[in-house]
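All values below come from the heavy atoms of this structure, side chains included, with hydrogens, waters and symmetry mates left out.
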Amino acid sequence: MWKKFIETRHMLRILNLRICCRGELGLAGKLKRLLLWILVVYISIPLIIKLCPSIQAKLVFLNFVRIPYFIDLKHPSDQGLNHTCNFYLEPEVGLKIGVWHTVPAQMWKEAQGKEGNWYDSTFSSNHPVILYLHGNAGTRGGDHRVQLYKVLSSLGYHVVTFDYRGWGDSDGSPSEEGMTSDALFIYDWLKQRLDKMPLFIWGHSLGTGVATNLVRRLCDRGSPPDALILESPFTNIREEAKSHPFSMVYRYLPGFDWFFLDAITANNIRFASDENVNHISCPVLILHAEDDGVVPFHLGKKLYKIASQSKSLSGHKVHFVPFSSSLAYKHKFIYRSPELPNILR
């Protein structure tokens, strides 16, 4: 009987071992299938982008990403901007773009209950104007953008901003040429309403590419703005795409440029600020946080070096202001700097 017990125990051990081995083999098979799927997806994405370069354009603009959701751009007061007017302009026949005009904070009380004609008349006031060109994704009502409008308004500036065609509640589809044309249209619209008050152009992120495109055109026609402010700028879109965190998993893949960067160029997207600064003739201020994880700090520094050596900018002030990583301003929060008023002055 004792012998049978030992034999039974031995058989149970063998059976248990077999079950464990089968379980391990099953788990290994699942892991292999998972890794295979990851590999297929990894290989497929570059091929899909190469075959459909329009996808890469959407990833550059991200105009379909509307954050925050569910806000009514017709009512900027919902975002705490109760001295702001919403209206629409037509840069082309049948194409409307949404615009916000925030008056200086000193006019806050007077602005209550006023409509478009009153806001239009305030351009004759003794206050400078900033035309703000936002970056990709979101709308003119994005939170960090709204916070900057408030800061600039408190410093005595009119702030005019808009959504490019294809963004927010503006008509049309996005393109670099379209974005630049919209910015030029708004600039000319403002100049018609201003007397001798300064008009500054402020671009952020992708908007810095639009801003340098715009200012280059203005300088080419002999009417430069009073100053250009570039917040978190890059040199050109190819270098930015190569440095973007999303490209990290493909950056060292053979053929990265051919698969990804050439697809951007195929969509006529360049945003070549490094070329544009050689055709700009007005003061330039560059603001960049060292801990910027979207547009790396080194690209802003590189653009500054190119601008400081530009012959067209010779005789104009070119200033670079870095913000330490310890401040945690990253890509969107330079508006929090208590030094910003002094920097702008």
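The side-chain contact (heavy atoms from CB on, under 4.5 Å) test with Val103 singles out one residue from His158, Lys114, His127, and that residue is His158. Exactly one of Glu240, Glu176, Arg238 qualifies for a side-chain contact (heavy atoms from CB on, under 4.5 Å) with Phe271. That residue is Glu176. Of the residues listed (Phe162, Trp202, Tyr164), the one engaging His134 in a ring pair (Phe, Tyr, Trp, His ring centres under 6.0 Å) is Tyr164, and it is the only one.
For Gly116 against Cys85, the heavy-atom pair with the smallest separation is CA-SG, 3.9 Å.
The local environment of CG in Asn342 is crowded, with over 12 non-hydrogen atoms from other residues, nucleotides or ligands closer than 6.0 Å. In this structure, Glu115 places its CD atom where only 12 or fewer heavy-atom neighbours from other residues, nucleotides or ligands lie under 6.0 Å away. Open room surrounds NZ on Lys332; 12 or fewer heavy atoms of other groups in view lie less than 6.0 Å from it. More than 12 heavy atoms of other shown residues, nucleotides or ligands fall within 6.0 angstrom of atom OH in Tyr69.
When the side chains of ILVMFWY residues are joined at heavy-atom separations under 4.5 Å, either directly or via intervening members, Leu133 and Leu73 end up in two distinct hydrophobic clusters. Taken together through direct or relayed side-chain contacts under 4.5 Å among Ile, Leu, Val, Met, Phe, Trp and Tyr, Leu131 and Leu344 form parts of separate hydrophobic clusters.
Contact of the Trp100 side chain with the Phe87 side chain is not registered, since no non-hydrogen atoms from C-beta on lie closer than 4.5 Å. With a 4.5 Å cut-off on side-chain heavy atoms, Pro128 and Leu199 do not count as touching.
In this structure, a donor-acceptor pair under 3.5 Å is absent between the side chains of Asn136 and Trp167. No side-chain donor-acceptor contact under 3.5 Å links His101 and Asp120.
Residues passing the side chain to side chain donor-acceptor pair (under 3.5 Å) test with Ser223 are Arg221, sequence neighbours excluded. Residues meeting the side chain to side chain donor-acceptor pair (under 3.5 Å) test with Ser153, sequence neighbours left out: His83. A search for side chain to side chain donor-acceptor pair (under 3.5 Å) contacts involving Arg165 returns Glu92, Asp182, not counting sequence neighbours. Among residues two or more places apart in sequence or in another chain, the ring-ring contact (aromatic ring centres under 6.0 Å, His included) test is passed with Tyr88 by none.
At distances below 3.5 Å, at least one donor-acceptor pair connects side-chain atoms of Ser308 with backbone N or O atoms of Tyr304.
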Trace of the side chain to side chain donor-acceptor pair (under 3.5 Å) decision for Asp78 with His75: CA-CA 6 Å; Asp78 293 347; His75 298 96; 4.6 Å; no
Phe185 and Tyr187: CA distance, side-chain angles, deciding distance, ring pair (Phe, Tyr, Trp, His ring centres under 6.0 Å) verdict: CA-CA 5 Å; Phe185 174 83; Tyr187 180 89; over 10 Å; no
Which atom pairs, donor and acceptor, lie under 3.5 Å between side-chain atoms of residues 272-284 and protein residues at least two apart or in another chain?
{"from": "Ser273", "atom 1": "OG", "to": "Thr212", "atom 2": "OG1", "distance (Å)": "2.9"}
{"from": "Asp274", "atom 1": "OD2", "to": "Asn236", "atom 2": "ND2", "distance (Å)": "2.9"}
{"from": "Glu275", "atom 1": "OE1", "to": "Arg270", "atom 2": "NH2", "distance (Å)": "3.2"}
{"from": "Glu275", "atom 1": "OE2", "to": "Arg270", "atom 2": "NH2", "distance (Å)": "2.7"}
{"from": "Asn276", "atom 1": "OD1", "to": "Arg216", "atom 2": "NH1", "distance (Å)": "3.1"}
{"from": "Asn276", "atom 1": "ND2", "to": "Thr212", "atom 2": "OG1", "distance (Å)": "2.9"}
{"from": "Asn276", "atom 1": "ND2", "to": "Asn213", "atom 2": "OD1", "distance (Å)": "2.8"}
{"from": "Asn276", "atom 1": "ND2", "to": "Ala272", "atom 2": "O", "distance (Å)": "3.3"}
{"from": "Asn278", "atom 1": "ND2", "to": "Asp274", "atom 2": "O", "distance (Å)": "3.4"}
{"from": "His279", "atom 1": "NE2", "to": "Arg216", "atom 2": "NH2", "distance (Å)": "3.3"}

Which atom pairs, donor and acceptor, lie under 3.5 Å between side-chain atoms of residues 317-329 and protein residues at least two apart or in another chain?
{"from": "Ser324", "atom 1": "OG", "to": "Ser326", "atom 2": "N", "distance (Å)": "3.2"}
{"from": "Ser324", "atom 1": "OG", "to": "Ser326", "atom 2": "OG", "distance (Å)": "2.9"}

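A salt bridge is defined here as a Lys NZ or Arg NE, NH1 or NH2 lying under 4.0 Å from an Asp or Glu carboxylate O, and Arg140 with Asp169 meets this definition.
Taking the centre and axis of the six-membered ring of Phe333, the NZ or CZ atom of Arg336 falls inside the cone set by 45° and 6.0 Å.
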